[in-house]
Number of protein chains: 2
Amino acid sequence: MQKLEEHISEVSFPKGHILLRANKVESSIYFIKKGIARLYTQTPDNEITFLFCKEGDTLMSLKSYVTGQKGYEDVELLEDCELYQLKAEVLENLYQSDIHIANWGRKLAELELVKTEERFIARQFRTASERYHELLQLHPDLIQRVQLGHIASYLGISQVSLSRIRAEIR
Amino acid sequence: MQKLEEHISEVSFPKGHILLRANKVESSIYFIKKGIARLYTQTPDNEITFLFCKEGDTLMSLKSYVTGQKGYEDVELLEDCELYQLKAEVLENLYQSDIHIANWGRKLAELELVKTEERFIARQFRTASERYHELLQLHPDLIQRVQLGHIASYLGISQVSLSRIRAEIR
DNA sequence: AAATAAATTTTACAAATGTTAAAAAATACT
DNA sequence: AGTATTTTTTAACATTTGTAAAATTTATTT
């Protein structure tokens, strides 16, 4: 960890800033100290928000980081953000020279993988309503901090559907 | 690779064999030499197939492998299978002692992660029909080798819906 | 080959979700 | 405070997908 910290710098960006761009090879990964961001892909007729990252999360263009190819997502900061920045190139060198860091990076990827697979499965056998209520349980702050259009996209439903779901209870 | 091979053994199981069990800590990971398997989770009213693994793929209970906790999936072999087996415990030791293997394991997880995320996003902005035709393009053999009930589950739709989609073209 | 079982398709209807447009509410700006 | 802008909700209708049951096809067994 100490060895990693030597190569990490701290950066800040205002709300609305586009941190990462689709179709670009991104050269850094970030750890969020403060703030929240959304990752989304552009499609012909709209945009799909597929992930939110907040305090404690790792933020990167996954495909870019893993394959060195162009990523498919834009990243927009939804609040003023304070981030820890680590250059991908530096990290790659550390992986090759330090076995502890290599295993840290492995664990990082593995844990993300479990999270993503679990979310994928949940999508397959929960109704939209169940997914909304689960999100409400696990990340109640998200619904406060992020506008509902993005939440709806994240849940894979239209904003109208989300409104209906929210109206059910009251 | 050579160092890995020393610890790998070859095993065979017949069609229908349940290779991995949900709610069990699984002690091995497998690489498929020949055959095909489906990973699925049991739910109160049915089962959800969320992944197929075939020749060249890595097969494991992901959560078990990563966290050492109970997994959530059963794995059924859909054909007679020949597998390479590697004990998780042995692998873990190799990770700690050999930086090349640690980075190989990291790459393994990272590439799976990109695949899973891309599939997750595709699920979010493609219609069921598009997903079926994409599967047909990318893995035409799957539709031949796996019964359609499982394919439907994998695509996240009912078997009736899948039948409708297949009927459209003809 | 006939009988049985399993898998797939079809049908009819119900429920969920999407689309478009408008209204209402909340937020930001001057 | 008042106006403009953005976000959220509501309404009406169209489309998609699901469920259950029957019909058909395919595979398996005797």
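Throughout, a chain's letter reflects where its sequence line sits, starting with A, and its residues are numbered from 1.
- Residue Y40(A) shares its hydrophobic cluster (ILVMFWY side chains chained together at separations under 4.5 Å) with I18(A).
- In this structure, CD of Q159(A) is placed 6 Å from P of dT8(D), rounded to the nearest angstrom.
- Evaluation of the side-chain hydrogen bond (donor to acceptor under 3.5 Å, both in side chains) test over residues 101-125 of chain A, restricted to residues two or more places apart or in two chains, returns N103(A)-R106(A), R106(A)-E110(A), K107(A)-E110(A), E110(A)-Y65(B), E112(A)-K115(A), E117(A)-Y72(B), E118(A)-K63(B), R119(A)-Y154(A).
- Identified under the side-chain hydrogen bond (donor to acceptor under 3.5 Å, both in side chains) test for residues 27-37 of chain A, with sequence neighbours left out: E10(A)-K33(A), S28(A)-Q85(A), Y30(A)-Q85(A).
- Here the side chain of S64(A) pairs a donor or acceptor atom with the backbone of E26(A) at under 3.5 angstrom.
- When each of dT9(C), dA7(C), dT9(D) is scored by its nearest atom to the side-chain atoms of Q147(B), the top-ranked nucleotide is dA7(C).
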Distances for protein N or O near nucleotides 20-26 of chain D N or O, under 3.5 Å:
none

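- Rounding to whole angstrom units, CZ of residue R131(B) and P of dT16(D) are separated by 14 Å.
- When distances run from any side-chain atom of S161(B) to the nucleotides dT8(D), dG18(D), dT9(C), the shortest one goes to dG18(D).
- Panel note: side chain R131(B), backbone L155(B); a donor-acceptor pair is recorded below 3.5 Å.
- Per the geometry, CG belonging to L155(B) stands 15 Å off C1' belonging to dG18(D), to the nearest Å.
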- Task: For each nucleotide in nucleotides 22-30 of chain C, reading 5' to 3', give B when a protein heavy atom comes within less than 4.0 Å of its base, S when such contact involves only the sugar-phosphate, and - otherwise.
- Result: ---------
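- Side-chain atoms of E6(B) and Q2(B) form no donor-acceptor pair, as typed in the model, at a separation below 3.5 Å.
- Atom CD of Q144(B) is separated from atom P of dT8(C) by 12 Å (rounded to the nearest Å).
- If you check every strand for non-hydrogen atoms under 4.0 Å, S158(B) touches a base.
- Applying the side-chain contact (heavy atoms from CB on, under 4.5 Å) rule to P14(B) yields the partners H17(B), D80(B); only residues at least two apart in sequence or on another chain are considered.
- Computed from coordinates, the L162(A) CG to dT10(D) P distance equals 12 Å when rounded to whole Å.
- In this structure, CD1 of I48(B) is placed 13 Å from C1' of dG18(D), rounded to the nearest angstrom.
- Here the side chain of E55(A) pairs a donor or acceptor atom with the backbone of G35(A) at under 3.5 angstrom.
- Tested against D141(A), the residues Q144(A), R145(A), H139(A) include a single side-chain hydrogen bond (donor to acceptor under 3.5 Å, both in side chains) partner, R145(A).
- The R164(B) side chain lies nearest to dT17(D) when the options are dT9(C), dT17(C), dT17(D).
- Taking atom CD1 of I165(B) as the reference point, atom P of dG18(D) lies 9 Å away to the nearest angstrom.
- In this structure, of dG18(C), dT9(C), dT7(D), it is dG18(C) that holds the atom nearest to the side chain of I157(A).
- Atom CD in E130(B) sits roughly 10 Å away from atom P in dT17(D) (whole-Å rounding).
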